[in-house]
*Asks:* 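Next up is a structure, given as structure tokens.
Keep in mind that what you see is a predicted model, and the values were worked out from it rather than measured.
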Amino acid sequence: MANLSGDRGAPILPPSQPTQGERVRWRRKIGWRIHQAREAARGVVDGIPQLTRAALGGPLGYGERTIWEIENAISSPTVDDLALLGESLNVHPGSFFDEGVFHLWGTPVNGRLPYAGIAKAIAELGEDERDIVVQLVMFLSGRQTRRPNLWAVSV
């Protein structure tokens with residue numbers, strides 16, 4: 001197995017597969033957080049969120065039923081769904097995985113952007129490693145059609 005960690009004694013292992021119970025737990029947590037973000041977006045009157053599922057889903061091309069299924073852990077949102085919902089709710093998509101307050105999209109938290117740690121880590125990489133990260137991001141965003149050569153880094 002190839003080792004990209006730079007630590008010759010610790011191979012990089014593929015992630016383990018989550019159990020069915022873990023998948024359901026994550027779907028429930030993310031669905032609940034999306035529901036909370038929808039409530040926070042325009043408030044709640046008499047226990048009813050003022051931003052309806054139809055109003056949230058419509059501009060994204062999702063029906064009211066799709067938003068209901070995501071909020072109630074019946075269907076799993078894709079990464080694209082989370083990004084679109086986060087942008088529509090003006091909430092950083094990472095907030096759907098957290099507890100507590102929602103981090104607004106592009107708004108500093110404790111004086112820093114929520115993704116500032118990632119930017120700092122990328123900035124500290126060597127030129128070759130940084131190029132690979134850029135290639136990977138471009139590929140994942142659809143701006144680059146060929147697969148990045150992740151094995152180009154010498155260890």
Side-chain angles (χ1 to χ4, degrees), residues 1-42 44 47-49 51-110 112-122 124-125 129 132-144 147-151 153 155:
M1 176 177 288
N3 178 4
L4 297 180
S5 71
D7 179 1
R8 302 231 183 257
I12 297 175
L13 301 175
S16 61
Q17 293 297 315
T19 65
Q20 184 65 25
E22 289 169 329
R23 286 189 202 104
V24 171
R25 195 168 35 256
W26 276 107
R27 276 199 317 261
R28 284 183 183 152
K29 179 176 185 157
I30 292 167
W32 176 244
R33 293 292 289 171
I34 290 169
H35 176 79
Q36 288 178 317
R38 189 167 59 84
E39 287 182 337
R42 293 199 191 144
V44 177
I48 301 170
L51 176 59
T52 66
R53 291 181 181 109
L56 173 61
L60 304 175
Y62 303 139
E64 178 180 2
R65 174 77 184 193
T66 301
I67 302 299
W68 180 85
E69 288 177 356
I70 291 171
E71 286 184 350
N72 288 281
I74 294 167
S75 67
S76 299
T78 66
V79 173
D80 293 338
D81 294 334
L82 293 174
L84 289 171
L85 288 166
E87 193 171 342
S88 294
L89 293 165
N90 196 30
V91 169
H92 191 277
S95 295
F96 298 139
F97 297 88
D98 293 338
E99 299 290 333
V101 299
F102 287 98
H103 304 296
L104 299 180
W105 192 270
T107 302
V109 176
N110 297 329
R112 299 177 63 191
L113 291 172
Y115 41 82
I118 295 171
K120 182 176 185 272
I122 292 171
E124 291 173 354
L125 293 173
E129 292 88 356
I132 288 175
V133 171
V134 169
Q135 287 178 27
L136 184 60
V137 169
M138 297 291 282
F139 177 74
L140 293 174
S141 68
R143 295 182 191 163
Q144 177 178 318
R147 293 182 65 121
N149 183 3
L150 299 180
W151 305 108
V153 177
V155 290

*Asks:* Which distance, rounded to the nearest 0.5 Å, do you find between the OG of Ser95 and the CD1 of Ile30?
*Replies:* 12.0 Å

*Asks:* Please tabulate, for side-chain N and O atoms in residues 61-70, each donor-acceptor pair with protein atoms closer than 3.5 Å (sequence neighbours left out).
*Replies:*
from  : atom 1 : to    : atom 2 : distance (Å)
Tyr62 : OH     : Asp81 : OD1    : 2.3
Arg65 : NE     : Glu69 : OE2    : 3.0

*Asks:* State the CD-CZ distance between Gln36 and Phe96, to the nearest 0.5 angstrom.
*Replies:* 10.5 Å

*Asks:* Going by heavy atoms in the side chains, are Arg38 and Ile34 under 4.5 Å from each other?
*Replies:* no

*Asks:* Just so I know, are the side chains of Trp32 and Asn72 near enough to count as touching, which here means a heavy-atom distance under 4.5 Å?
*Replies:* no

*Asks:* Supply the atom-to-atom distance Ser88 OG to Leu56 CG, rounded to the nearest 0.5 angstrom.
*Replies:* 6.0 Å

*Asks:* Can you tell if the side chain of Arg23 reaches within under 4.5 Å of the side chain of Ser76, non-hydrogen atoms only?
*Replies:* no

*Asks:* Roughly how far apart are Lys29 NZ and Phe97 CZ, rounded to 0.5 Å?
*Replies:* 9.5 Å

*Asks:* With heavy-atom distances below 4.5 Å as the criterion, would you say the side chains of Pro93 and Leu85 are in contact?
*Replies:* no

*Asks:* Testing the basics here: between Glu39 and Pro49, what is the closest heavy-atom pair and its distance to 0.1 Å?
*Replies:* CG-CG, 3.6 Å

*Asks:* Please enumerate all residues that pass side chain to side chain contact (heavy atoms under 4.5 Å, CB included) together with Thr19, with sequence neighbours excluded.
*Replies:* Glu22

